[in-house]
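Step one of this worksheet: look at the structure below.
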Amino acid sequence: MADTSDPAQKQLLVEHYDEFRRVARGVLNGDAAALQIQPTDLAHAAAIKIFNLNRMEVHSRTHFLSLSARIMRQILMDELRRLRAAKRQAPPVTTQWPGEGGSQLDLEALDAALTKLEQFNPESARLVEQRFFAGLTVEEIAAMEGISESTVKRQWRAARAWLIDELQRA
């Protein structure tokens, strides 16, 4: 099979693999270790998927990490489904909001809520992925999206409040 991936994409992957691992450690905190996937494994699986994408157009480092966040989310949900299939009564797997010490989230419920949010506000869902799964800062997101930091902060607060409300209802 011929290698058709973009050399710039490969370079971004090499340069940011350690960052992948850092983000994976953050996402896999709390009970997420029950998924039986290590941060290095998650980062490696995401890197392989990105490496095999032939038509991914990357505009910047933050854009690359944003795309990577979606891939990590998909891998985590696949792993969670695999665990659920292997253990009929598997307990919920929780993780924490980024940058916070106590607020636990059910990872499967978060994914369902994000999918719902994507239906009516894809920008907010993308922002949550960027913050939660890619570990991007407000400053990085603002630069990437071409909007002010105060707008990103306002959108983050609104998306987070909506998700918390949705998760409490679920």
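All figures in this text were calculated on a predicted structure; none of them were measured in a lab.
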Measuring from [X]:[atom1] to [Y]:[atom2], what's the distance to the nearest 0.5 Å?
X      : Y      : atom1 : atom2 : value
Met144 : Thr137 : CE    : OG1   : 10.0 Å
Leu117 : Leu110 : CG    : CG    : 10.0 Å
Ser124 : Arg160 : OG    : CZ    : 14.0 Å
Glu129 : Arg73  : CD    : CZ    : 5.0 Å
Leu76  : Glu108 : CG    : CD    : 12.0 Å
Ile147 : Leu127 : CD1   : CG    : 7.5 Å

* Asked: Would you call Glu118 and Arg126 a salt bridge, taking side-chain N to carboxylate O under 4.0 Å as the test?
  ->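 Judged by the 4.0 Å cut-off on N to carboxylate O distance, Glu118 and Arg126 do not form a salt bridge.
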Would you confirm whether [X], through its side chain, and [Y], through its main-chain N or O, come within 3.5 Å as a donor-acceptor pair?
X      : Y      : result
Gln168 : Asp165 : no
Thr115 : Asp111 : yes
Arg131 : Trp156 : no

* **Pairwise salt bridge (Lys or Arg N to Asp or Glu O under 4.0 Å) hits with a residue in residues 38-47, at least two apart** =>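 Every pair satisfying salt bridge (Lys or Arg N to Asp or Glu O under 4.0 Å) with a residue in residues 38-47: there are none.
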* Sequence-distant partners of Ile48, side chain to side chain contact (heavy atoms under 4.5 Å, CB included), two or more places apart ->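 Checked Ile48 against side chain to side chain contact (heavy atoms under 4.5 Å, CB included); matches are His44, Asn52.
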* Go through the structure and list residues passing side chain to side chain contact (heavy atoms under 4.5 Å, CB included) with Glu166, not counting sequence neighbours. =>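 With neighbours one apart ignored, the set is Ala113, Lys116, Trp162, Arg169.
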Taking all atoms of both residues into account, what is the closest heavy-atom pair of [X] and [Y], and its distance?
X      : Y      : result
Val128 : Ala159 : CG2-CB, 3.8 Å
Ala43  : Met72  : CA-CE, 4.4 Å
Val138 : Glu149 : CG1-O, 3.6 Å

* To do: Evaluate the side chain to side chain contact (heavy atoms under 4.5 Å, CB included) criterion for residues Glu79 and Leu42: first the C-alpha distance (whole Å), next the side-chain angles of each, then the deciding distance (0.1 Å), finally the verdict.
  => CA-CA 10 Å; Glu79 185 65 18; Leu42 177 58; over 6 Å; no
* Does the side chain of Gln130 come under 3.5 Å of the side chain of Glu145 through a donor N or O and an acceptor N or O? ->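 Checked: Gln130/Glu145 side chains pair up, N/O donor to acceptor below 3.5 Å.
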* Say whether Ser148 and Arg154, considering side chains only, have a donor N or O and an acceptor N or O under 3.5 Å apart. =>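 The answer is no; no qualifying pair exists.
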